[in-house]
Amino acid sequence: MDGMQRGSGMKEQLVSAIQLQEIELDHQPRNETAEEVKERKTYSVEEAVETIGFGRFHILLFVIMGSANIVEAMEIMLLAVVSPEIRCEWRLQDWQVALVSTMVFLGFMVCGVLSGYVADRYGRWKVVFGGFVWGAYFSLLTSFAPSYGWFIFLRSMVGCGVAGTSQGFVLKTEFIPAKYRASLLPLASIFWMVGSMLIIILGMTVVPTLGWRWMIRLSVIPSIILILLFQFIPESARFNVSAGNVKGAVETLQQIAKMNRASLPEGELVEPVVNERGSCYILVSSTFRRTSLIMWYSWFVASFSYYGSVLSSSELLEKNLLCITDPDPEHHVKHDQGEALCYCIPFGMADYQTLLISCLGEIALIPLNIGLLNIVGRKTSMVILLICSGIFFMLLLVCTTMFGFTVLLFLLRSLVSMNFNVVYIYTAEVYPTAVRSIGMGFCTSFSRIGGMIAPFIAQVLMSRSVVLALLPFALSCFLCAVGALLLPIETRGRALLQNS
């Protein structure tokens with residue numbers, strides 16, 4: 001009898017153990033088989049962007065983010081127009097006029113890396129919007145500057161704002177399909193040219209009647225309009241998935257697909273979360289070290305040569321330092337600060353017209369720029385444009401007519417502007433999403449070093465020797481062309497990387 005009871009008890013324990021095991025198995029997550037994983041459809045942001053394609057959203061993006069270039073151009077080109085006026089009002093010497101531009105680029109340099117880090121950590125949209133507000137506020141304050149010291153301080157604050165708005169290029173790039181980037185991104189030069197021409201037209205019409213302070217006040221209006229329009233641009237979907245906000249990325253992609261009358265790929269959006277967002281160590285890792293070093297110098301030269309061409313033309317015209325074979329009576333007078341301080345040398349109408357024509361050079365060769373990018377790629381385009389830029393800097397030394405000088409300046413502005421475009425595009429394409437903004441931030445900071453040095457070459461050394469002033473610009477272009485040949489990566493037609 002006892003044996004039967006023990007057998008029955010053991011049987012009950014065994015049944016209970018089996019039931020408990022079944023319950024535990026029911027509560028455990030079931031591992032998917034290899035076949036089930038293969039059948040489950042997923043897609044990446046890159047695949048979504050390519051599937052949606054180009055449409056109405058991208059036109060809106062192009063217009064609004066392109067308008068950011070109008071604001072940036074007006075703030076930077078304002079320096080070339082206002083320099084003769086502040087020289088006259090505050091009795092400034094050459095180095096003091098050059099210091100104004102340098103302080104603007106110093107603010108840009110310091111805030112460039114900071115804005116890139118914040119954009120990679122917390123989002124591109126916040127940084128760009130904050131840059132618009134910051135830049136407009138301090139630009140308006142500049143018009144009330146009571147002294148030279150206050151003027152350069154407030155302009156340096158404007159430079160910080162412009163550093164934030166430059167992240168808009170990253171935001172724009174991350175929404176554009178690969179095959180359209182080489183065609184659309186160079187067209188941003190149109191907006192830059194519009195901004196440059198607007199500030200020159202304001203100089204022609206407002207400065208002679210109301211003065212330079214009202215010119216600055218009126219130049220803030222586009223910034224205010226852009227702050228309102230920017231509300232229609234969403235946060236980058238690539239940033240959202242890198243930060244783990246997959247829901248936000250899907251909502252953005254659905255919104256774009258709806259505007260473009262397209263559909264997303266089948267399945268669910270799957271991207272790995274990137275923990276090392278905004279890490280500057282990735283930029284100098286073995287994968288990107290050579291690329292980063294060459295691109296830092298390329299950005300330095302792009303800015304140095306671009307602002308060198310702008311400020312050199314302004315200085316040559318202001319002080320009549322050109323070697324002209326058919327000068328009018330006004331340009332017969334040479335202003336030499338070695339003998340006496342020339343406090344007041346205002347631009348004439350002909351000088352404004354020359355600057356306007358040279359601004360048109362920034363869009364004249366856009367078809368050539370697009371052709372180079374699509375046919376020979378980014379690296380070779382940089383090499384060609386840098387060599388041609390160096391040659392045209394030296395051609396400014398050739399004695400010619402006023403028409404000849406205008407043509408040379410027109411072509412030089414085209415070449416340096418095209419090179420700046422290619423450098424922008426290559427940088428946005430070569431770095432992964434995790435460090436794209438801070439990579440751009442470091443590059444723009446190095447570019448502002450070039451912008452800081454350019455005024456002292458173009459506005460101070462130019463008064464002593466035109467040859468010695470133009471030579472550094474030409475040599476830096478030739479040396480940078482060699483560096484571009486050594487870049488290890490060609491980004492033409494390549495998908496944007498999500499992580500390193």
Requested in this report: May I have the step-by-step check of side-chain contact (heavy atoms from CB on, under 4.5 Å) for V128 and M65, ending in yes or no?
Outcome: CA-CA 10 Å; V128 178; M65 296 310 303; 4.3 Å; yes
Contact between [X] and [Y] at the side-chain level, heavy atoms closer than 4.5 Å - yes or no?
X: F420; Y: S303; answer: yes
X: F54; Y: I59; answer: yes
X: L78; Y: S219; answer: yes
X: L283; Y: F288; answer: no
X: V49; Y: F175; answer: no
X: L60; Y: V63; answer: no
X: T51; Y: L264; answer: no
X: F132; Y: L229; answer: no

Which heavy atom of [X] sits nearest to which heavy atom of [Y], and what is that distance?
X: E46; Y: R238; answer: OE1-NH2, 2.7 Å
X: S139; Y: V220; answer: OG-CG2, 3.8 Å
X: P472; Y: I457; answer: CG-CG2, 4.3 Å

Between the main-chain N or O of [Y] and the side-chain N or O of [X], is there a donor-acceptor pair closer than 3.5 Å?
X: S292; Y: R289; value: no
X: R448; Y: L106; value: no
X: R155; Y: V104; value: no
X: S381; Y: L372; value: yes

Query - R124 NZ/CZ over F239 ring centroid, <6.0 Å and within 45° of normal - result: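 Checked: cation-pi criterion not met.
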Report task. Would you check, one step at a time, whether the test side-chain contact (heavy atoms from CB on, under 4.5 Å) holds for E235 with T252? Result -> CA-CA 8 Å; E235 177 58 90; T252 297; 5.6 Å; no
Report task. Assess whether side-chain contact (heavy atoms from CB on, under 4.5 Å) is satisfied between V207 and L202, documenting all intermediate values. Result -> CA-CA 7 Å; V207 172; L202 281 175; over 6 Å; no
Query raised in the report: Between the side chains of W299 and T427, does any donor sit under 3.5 Å from an acceptor?
Result: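 Yes, side-chain donor-acceptor contact under 3.5 Å.
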Query raised in the report: Under 3.5 Å, is there a donor-acceptor pair linking the side chains of Y297 and S476?
Result: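 Side-chain D/A pair, Y297 to S476: absent.
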Would the number of heavy atoms belonging to other residues, nucleotides or ligands and lying under 6.0 Å from [atom1] of [X] be above 12?
X: Q231; atom1: CD; value: yes
X: F478; atom1: CZ; value: yes
X: W212; atom1: CH2; value: yes

Query - Test: R492 and E429 ion pair at under 4.0 Å - result: no
**Report entry** Whether F300 and F304 hold their rings parallel, tilted or perpendicular, with breakpoints at 30° and 60°
**Finding:**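 Ring orientation of F300 relative to F304: parallel.
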Report task. Measure up the F230 and W125 rings against each other and bin them: parallel (under 30°), tilted (30 to 60°), perpendicular (over 60°). Result ->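 F230 and W125: parallel rings.
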Report task. Please determine which of S305, S417, S309 meets the side-chain contact (heavy atoms from CB on, under 4.5 Å) test together with L412. Result -> S309
Requested in this report: Kindly write out the residues that satisfy side-chain contact (heavy atoms from CB on, under 4.5 Å) with L485, not counting sequence neighbours, or none if the list is empty.
Outcome: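 Scan of L485 (side-chain contact (heavy atoms from CB on, under 4.5 Å), adjacent residues dropped) gives V383.
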Query raised in the report: When you look at E50 and K179, which way does the salt bridge (Lys or Arg N to Asp or Glu O under 4.0 Å) test go after all the steps?
Result: CA-CA 9 Å; E50 296 297 331; K179 68 178 181 179; over 6 Å; no
